[in-house]
Amino acid sequence: MEFTSSLAFLGKRLINHLIRTVESPVQDFCSALCYMEPNCVSYNELVASGSPVITKCELNNSTHNEHLQNLKSWTNYIYKATIKTCGQTPSQHIGTCQTGFTDKGYRCLCPPEYKGTNCEKRNGW
C-alpha cells in the first residue's frame, strides 16, 4: 500500500466511507493506522487551526477515485489516498478486496462458499 503526494489534497475530506476515528494522533500516525486496518485505503487528517498538529484521524474504506462526489472541501482537513489496486481487480461473488496484500498488491476475502485468488471458484465444484 502506497500513499503518494499526488494523492494528498489540502482542504479536502472524503465523507460517507468512515471505518473509524482516532482522536489526537501524532504526526504520521494516520498512515500507520491505515496500514494496520485491512480495509483502509484513505484517510482524513484534521489539523488544528494555525498549527501543524493533527488532532483527529479518520480512516476510510474507499478513495475519491470511486466516489469523487464524496470528496468535499473542508477547512483544516487533509485527505490522503493510496494507490488502490482493488479497483482494477475486484473480488467476485461478494468477496472483499483488500489493497496492499500479497505480491499482486491485493487479496480477496471470499465468502465461505467460494475460493480462489478472486473468489471465482465455488467450493465443492
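On a predicted model such as this, the values are computed, not experimentally measured, just so you know.
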### Query
Run the side-chain contact (heavy atoms from CB on, under 4.5 Å) check on Val22 and Leu33 step by step: do they pass?
CA-CA 9 Å; Val22 178; Leu33 283 174; 3.6 Å; yes
## Note on the structure
So OH of Tyr35 and CG of Leu59: to nearest 0.5 Å the spacing works out to 12.5 Å
## Note on the structure
With sequence neighbours left out, the residues meeting side-chain hydrogen bond (donor to acceptor under 3.5 Å, both in side chains) with Lys72 are none
### Task
Hey, could you give me the SG/CG distance between Cys40 and Asn61, rounded to the nearest 0.5 Å?
8.5 Å
#### Entry: Hphob cluster co-occupancy, Phe29 + Tyr43, side-chain heavy atoms under 4.5 angstrom
yes
### Query
Say you draw a straight line from CG of Leu10 to OH of Tyr79; how long is it, rounded to the nearest 0.5 Å?
14.5 Å
## Note on the structure
CG (Asn76) and CG (Asn44) are apart, to the nearest 0.5 Å, by 13.0 Å
Acceptor/donor pairs from residues 13-20 side chains to any protein atom, 3.5 angstrom cut, sequence neighbours excluded:
{"residue": "Arg13", "atom": "NE", "partner": "Glu58", "partner atom": "OE1", "Å": "2.9"}
{"residue": "Arg13", "atom": "NH2", "partner": "Glu58", "partner atom": "OE1", "Å": "3.4"}
{"residue": "Arg13", "atom": "NH2", "partner": "Glu58", "partner atom": "OE2", "Å": "2.7"}
{"residue": "Asn16", "atom": "ND2", "partner": "Asn70", "partner atom": "OD1", "Å": "3.3"}
{"residue": "His17", "atom": "NE2", "partner": "Asn70", "partner atom": "ND2", "Å": "2.8"}

### Query
Cluster question for you: counting only ILVMFWY and a side-chain heavy-atom cut-off of under 4.5 Å, with indirect links fine, are Leu46 and Trp74 together?
yes
### Query
How close do Arg122 and Tyr114 get, heavy atom to heavy atom, and via which atoms?
NH1-OH, 3.0 Å
### Task
Determine the interplanar angle of the His64 and Phe9 rings, folded into 0 to 90°, and report it as parallel if under 30°, tilted if 30 to 60°, perpendicular if over 60°.
perpendicular
### Query
Can you list the residues that meet the side-chain hydrogen bond (donor to acceptor under 3.5 Å, both in side chains) rule with Thr75, with sequence neighbours excluded?
none
#### Entry: Value rounded to 0.5 Å, distance of NZ in Lys115 from SG in Cys110
10.5 Å
#### Entry: Flag side-chain contact, heavy atom, 4.5 Å: Leu7 against Thr82
no
### Query
Lys80 and Ser42: side-chain donor and acceptor closer than 3.5 Å?
no
